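This one's a predicted model, so the numbers in the text were calculated from it and none came from an experiment.
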Amino acid sequence: MAIEGKSDSKEGASAARRIRLGMVGGGEGAFIGAVHRIAARLDDHYELVAGALSATPAKAQRSGRAIGLAPERIYSDHAAMARAEAMREDGIEAVAIVTPNHLHAPVATAFLRAGIHVICDKPVTTTLKDAKALRALAAKRKLIFAVTHNYTGYPMVRHARQMVSEGALGKVRVVQVEYSQDWLTDKLEATGQKQADWRTDPKRSGAGGCIGDIGTHAYNLADYITRLAVTELCAELSTFVAGRKLDDNAQVMLRYANGARGLLWASQVAPGNENGLRIRVYGDKGGIEWRQEQPNHLHWSPIGKPTQILSRGTGAANAAAARVTRIPAGHPEGYLEGFATLYAEIAQHLRAVRRAGDGRGPKPDKAAHFPGIEDGVKGVAFIEAVVASSKRGGRWVRLKG
């Protein structure tokens, strides 16, 4: 993805300078915070200048100093950070929220009220009520609210979306999506492992375990590629590991508004699977298949013709894939770059609002897009519907949102 060039004019310099970014969460022992920091810098659009990386003061200071933050801009309270940064002339323009799920809503609310744009990990909240409240607040304050469903940033996922949009598959009939892992096959949370501990705790993760952690990614991927609305679903959540408080396996049937049918499987107790996100979409003219662990390739099967393997970085990739491709064909481009693509797309929109008042600000590329609060609301509505259906013995439930 091309980096915006600098200008000699004051207006150009303002547009080109790095975006001042803050972060809440992501301190010592965290995983996703480092991923966001790498992604934000990959295309050189951001500078991380402030953070509340932990609620424990000593840990917050150690974590902030370790990544080079100025001591006076290291906070242990997100609300204090929002107030202080909003008062600074050089305060942050956007905040990345990388905390456990239960903190997303209060943290996002504090920064939106302070007039600061939000980039939030998924699921955006633990309840649909809170997700809708954030949607209303972001709209009222006219602020960007991005949700980092990073798989939407992969080039061949964007290629697939364009194919479906252009009608290459014809009318979509069947959607099969799955996300399988094996890291929670044993009761890892009992060892105190941080990532397992909070993800299996309903007080911090919310009502969904596996379905909230990775099932939402599968649901979002199908939604992103097909752009089809799910009207109702039928689900069964299972907890196979004794003593675990949340689901570790989910099976969901989907009914789409256009008459298509779908099936979603998510599991974190499937030995032999590392990060098996996979989607297949079939229409009356052909079908496609993409696997996250082989991100460079998209399988395309036009009806009556041999299956083709379309590769990222080659002439076979369409414009949607090409514009977010960074490196030559044959080199893996995936997880970190997917996040980075979203951060780069968000940056175009953040720079545009810097000068929105006089209408002379840089305009985002028309193709630049990213998951937003609407996608976040959809994800939480999906979790709640799945949990409700399973509790009712697998009855069909209509989606709200």
Side-chain angles (χ1 to χ4, degrees), residues 149-180 214-235 250-266 276-325 334 338 366-367 369-371 374-375 378-379 381-382 385-386 396 398-399 401:
H149 277 293
N150 60 299
Y151 300 108
T152 65
Y154 283 46
M156 297 315 288
V157 168
R158 297 208 169 191
H159 183 110
R161 175 182 164 100
Q162 183 173 318
M163 286 184 70
V164 174
S165 179
E166 292 175 346
L169 278 66
K171 182 180 179 181
V172 174
R173 293 170 168 171
V174 178
V175 180
Q176 303 275 105
V177 62
E178 64 184 56
Y179 201 152
S180 54
I214 60 175
T216 48
H217 271 311
Y219 179 73
N220 175 263
L221 183 65
D223 180 74
Y224 179 79
I225 289 176
T226 68
R227 303 195 217 190
L228 296 177
V230 173
T231 57
E232 54 187 342
L233 58 78
C234 174
Q251 299 173 117
V252 187
M253 292 190 291
L254 307 168
R255 289 176 178 165
Y256 287 92
N258 77 328
R261 295 293 182 262
L263 182 64
L264 183 153
W265 171 52
L277 178 58
R278 175 190 184 193
I279 186 167
R280 292 169 287 172
V281 182
Y282 302 105
D284 58 11
K285 293 182 180 179
I288 54 175
E289 177 178 349
W290 180 80
R291 299 186 180 203
Q292 190 276 152
E293 291 179 331
Q294 293 86 42
N296 280 1
H297 299 141
L298 178 73
H299 290 244
W300 160 231
S301 303
I303 189 72
K305 297 180 181 179
T307 296
Q308 304 170 32
I309 300 177
L310 309 179
S311 295
R312 182 206 58 79
T314 70
N318 60 28
R323 68 172 295 277
V324 295
T325 293
K366 290 182 179 180
H369 66 276
F370 51 86
E374 288 294 341
D375 300 283
K378 279 185 183 181
F382 168 72
V386 167
W396 286 94
R398 296 194 66 82
L399 260 69

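Put simply, CG on L221 and OG1 on T226 are 9.0 Å apart, with the number rounded to the nearest 0.5 Å. Remark: Q251 CD to L263 CG distance equals 7.5 Å, nearest 0.5 Å. To the nearest 0.5 angstrom, L233 atom CG is 6.5 Å from F382 atom CZ. Separating the CG atom in L169 from the CH2 atom in W300 is a distance of 5.0 Å, to the nearest 0.5 Å. Note: H299 NE2 to W290 CH2 = 12.0 Å, rounded to the nearest 0.5 Å. In this structure, E232 CD and L254 CG are separated by 10.5 Å, a value rounded to the nearest 0.5 Å.
Pairing each heavy atom of G379 with each of T216, the nearest pair is O-CG2, 4.0 Å. Residues A320 and Q162 come closest through the heavy atom pair CB-OE1, 3.0 Å. Minimum heavy-atom separation, A250 to W265: O-CD1, 3.2 Å. Of all non-hydrogen atoms in A316 and L310, the two that sit nearest each other are CB-CD2, 4.2 Å. Closest heavy-atom contact between G215 and L264: O-CD1, 3.9 Å.
Side-chain atoms of H297 and M156, non-hydrogen and from C-beta on, never get closer than 4.5 Å to each other. Inter-residue side-chain proximity for R398 and T231 is flagged as met; some heavy-atom pair is nearer than 4.5 Å. R227 is listed as a side-chain neighbour of S165, based on a closest heavy-atom distance under 4.5 Å. Counting heavy atoms from C-beta on, the side chains of D375 and Y224 never come closer than 4.5 Å. You'll find the side chain of V164 reaches within 4.5 Å of the side chain of I288, heavy atoms only. Proximity of L277 to Y154: side-chain heavy atoms (C-beta onward) are nowhere separated by under 4.5 Å. Counting only heavy atoms from C-beta outward, the side chains of R255 and W396 approach each other to under 4.5 Å. By the 4.5 Å heavy-atom criterion applied to side chains, R158 and N318 are not counted as neighbours.
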Can I309 and Q294 be said to form a side chain to side chain contact (heavy atoms under 4.5 Å, CB included), step by step?
CA-CA 11 Å; I309 300 177; Q294 293 86 42; over 6 Å; no

Stepwise side-chain hydrogen bond (donor to acceptor under 3.5 Å, both in side chains) check, Y219 with H149
CA-CA 10 Å; Y219 179 73; H149 277 293; over 6 Å; no

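For the side-chain contact (heavy atoms from CB on, under 4.5 Å) with I225, the lone residue among V157, V177, V175, T152 that qualifies is V157. With respect to Y282, the side-chain contact (heavy atoms from CB on, under 4.5 Å) criterion is satisfied by exactly one of V174, V172, I303: V174.
Here the side chain of R323 pairs no donor or acceptor atom with the backbone of A321 at under 3.5 angstrom. Between the side chain of R278 and the main chain of E289, no donor-acceptor pair closer than 3.5 Å is present. Side-chain atoms of N296 do not come within 3.5 Å of backbone N or O of R312 as any donor-acceptor pair.
Using a 30° and 60° split on the angle between ring planes, Y151 and H217 fall in the perpendicular class, above 60°.
With no hydrogens or angles considered, no side-chain donor-acceptor pair links Y179 and Q292 at under 3.5 Å.
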